[in-house]
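Scroll down for the structure; my scribbles are underneath it.
No experiment lies behind these values; they were computed from the predicted model shown. Read the numbers this way: they start at 1 and go in the same order the structure lists the ligands and their atoms.
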Amino acid sequence: MIVLAVESSAHTFGIGIFDGKNKKIVANARDVFSTEQGGMIPTKVAEHHIAVKEKVLAQALKEADLEMKDISLISYTQGPGLAPALLVGRDFAVALAEEHKIKLLGVNHIAAHLEIGLFCTKAKDPIFLFCSGANTQVIVHEDKYRIFGEALSIAVGNALDKFAREIGLGFPGGPKVEALAKKGKYVALPYSVKGMDVDFSGIVTRAVQLYKKGVAKEDLCFSLQETCFAMLIEVTERALAHCEKKEVLLIGGVAANKRFAEMLDAMCSQRGAKAYIVPLMYAGDQGAMIAYQGWLERKREQKEFDINPKWRVDEVSTFWK
Ligand code: AMP
Ligand code: MG
């Protein structure tokens with residue numbers, strides 16, 4: 001069975017193709033909305049997705065050396081995400097499914113991030129540390145995915161993006177903050193862990209204030225990373241102890257950050273646990289993970305093709321496990 005998928009929940013418009021017979025990702029084409037200055041405006045993102053959708057589809061089919069007639073299932077991101085962006089992907093998936101008479105399934109974007117992490121690494125039963133642009137959650141699979149801790153206001157990716165935007169670095173901010181942090185030294189920022197939850201909004205506010213007072217952006221980038229990542233590692237360590245697990249799997253776009261991986265590795269080796277990091281090309285949003293998730297759920301039937309912008313991963317039935 002070959003699954004083609006549409007991802008459109010945020011900045012990325014992606015088409016992925018998964019070959020179920022050979023258990024292989026055969027295409028992962030994408031086009032990412034970005035800006036030189038300013039952040040991500042949902043309607044602008046939707047316009048971007050509309051402009052690139054046909055091109056990205058053609059690119060994916062070419063990459064896999066396949067045609068639409070070879071596809072036996074289409075999956076799309078039903079949520080969570082930005083409604084205008086989700087709608088573009090949903091409409092495109094529905095149109096393709098109707099035109100080519102292919103079965104269609106809407107899947108949960110976060111479950112797809114978690115499952116592609118398992119698919120790409122040797123992790124078996126980890127604490128998932130999910131850090132993307134819009135979500136930050138510490139997740140464990142029991143009878144379903146359970147959220148042990150999360151960011152109370154903004155996600156860690158969003159915190160980095162917001163700080164970057166405020167100091168004029170453009171979007172996405174994470175990689176720009178990482179590059180500047182290499183030349184920075186530590187200045188104190190608020191550290192905010194509440195039980196198993198973390199709160200990043202105060203840190204960003206303080207970092208922006210310090211920037212306006214003349215503190216070097218390199219130092220602020222370095223300190224923002226050190227503080228945010230230390231908070232996340234603290235709650236992850238507690239989740240490891242509480243759940244008696246021996247593995248952590250870092251996923252989501254922020255998993256691309258080398259310093260984060262290094263800090264996680266250090267904590268895990270001190271505890272005799274193993275840190276897995278999702279490979280870079282599957283860290284951020286992409287269509288391959290939606291295709292793989294569609295394949296996992298291939299036995300399910302779906303009649304209504306909604307979008308669900310606020311769909312939490314702990315509301316998903318993990319019947320495929
Ligand atoms: P996602 O929503 O999973 O696609 O992840 C996107 C988020 O990852 C954005 O907030 C980016 O700023 C962030 N990101 C991407 N690369 C890096 C990096 N090298 N360091 C930190 N954050 C990053
Ligand atoms: Mg994502």
Q: Among all protein heavy atoms, pick out the one at the shortest distance from atom 19 (N) of ligand 1; state its residue, atom name and that distance to 0.1 Å.
A: Glu178 OE1, 2.7 Å
Q) Taking the six-membered ring where the residue is Trp, are the ring centres of His242 and Phe148 under 6.0 Å apart? A) yes
**Q.** Proximity flag Ala10 to ligand 1, non-hydrogen atoms under 4.0 Å
**A.** no
Q.
Please list the nearest protein heavy atom to atom 7 (C) of ligand 1 with its residue and the distance rounded to 0.1 Å.
A. Gly133 N, 3.6 Å
Q.
With a heavy-atom distance limit of 4.0 Å, tell me whether Lys258 approaches ligand 1 through its side chain, its backbone, both, or neither.
A. neither
Q: Considering the heavy atoms of Gly252, write down every atom of ligand 1 situated less than 4.0 Å from one of them.
A: 3 (O)
Q.
Around atom NZ of Lys103, are there more than 12 heavy atoms from other residues, nucleotides or ligands closer than 6.0 Å?
A. yes
**Q.** Nearest-neighbour protein heavy atom for atom 22 (N) of ligand 1, which is reported as residue plus atom name and distance
**A.** Gly174 CA, 3.3 Å
Q: First locate atom CD1 of Ile110, then atom CD1 of Ile147, and finally report the distance between them rounded to the nearest 0.5 Å.
A: 7.0 Å
Q | Gly284 N/O to ligand 1 N/O under 3.5 Å | A | no
(Q) Give me the nearest non-hydrogen protein atom to atom 20 (N) of ligand 1 as residue plus atom name, then the distance to 0.1 Å. (A) Asn257 ND2, 3.0 Å
Q: Looking only at non-hydrogen atoms, find the nearest pair between Leu296 and Trp320 and report the distance.
A: O-CB, 3.4 Å
Q: May I ask you to say whether Glu237 pairs ionically with Arg271, meaning some side-chain N is under 4.0 Å from a carboxylate O?
A: yes
Q: Show which atoms of ligand 1 fall inside a sub-4.0 Å distance from at least one heavy-atom site of His11.
A: 1 (P), 2 (O), 4 (O), 6 (C)
Q) Which of the atoms in ligand 1, numbered in the order shown and given with their element, are less than 4.0 Å from a heavy-atom of Gly157? A) 10 (O)
Q.
Can you tell me how the ring of Phe130 sits relative to the ring of His113, calling it parallel under 30°, perpendicular over 60° and tilted otherwise?
A. tilted
**Q.** Single-linkage hydrophobic cluster Ile251~Val140, side-chain heavy atoms < 4.5 angstrom
**A.** no
Q: Report, in ascending order of atom number, the atoms of ligand 1 lying under 4.0 Å from any heavy atom of Pro172.
A: 11 (C), 12 (O)
Q. Using a heavy-atom cut-off of under 4.0 Å, does the side chain or the backbone of Asp285 touch ligand 1, or both, or neither?
A. both
Q | Which atom of Asp285 approaches the Mg ion (ligand 2) most closely (N/O/S) | A | OD1
Q: Considering non-hydrogen atoms only, spot the tightest contact between Leu105 and Gly294 and give its length.
A: CD1-O, 4.0 Å
(Q) Does Lys62 have more than 12 heavy atoms from other residues, nucleotides or ligands lying within 6.0 Å of its NZ? (A) no
Q) Under 30°, 30 to 60°, or over 60°: which ring-plane class applies to His141 and Tyr145, parallel, tilted or perpendicular? A) perpendicular
Q. Backbone or side chain, does any N or O of Leu160 fall under 3.5 Å from an N or O of ligand 1?
A. no
(Q) If the cut-off is 4.0 Å to any non-hydrogen atom of Gly173, which atoms of ligand 1 fall inside it? (A) 12 (O)
Q.
Using heavy atoms and a 4.0 Å limit, tell me yes or no: is Gln225 in contact with ligand 1?
A. no
Q) Phe18 and Phe119: aromatic ring centres closer than 6.0 Å? A) yes
Q: Tell me which protein heavy atom sits closest to atom 3 (O) of ligand 1, plus the residue, atom name and distance to 0.1 Å.
A: Gly253 N, 2.8 Å
Q) At what distance is the nearest protein heavy atom to atom 12 (O) of ligand 1, and which residue and atom is it? A) Asp161 OD1, 2.6 Å
Q: Could you find the nearest protein heavy atom to atom 13 (C) of ligand 1 and give me its residue, atom name and distance?
A: Val254 CG2, 3.9 Å
(Q) Taking 4.0 angstrom as the limit and counting only heavy atoms of His113, give me the atoms of ligand 1 inside it, by number and element. (A) 3 (O)
Q | Lys185 bridged to Asp219 by N-O distance under 4.0 Å | A | yes
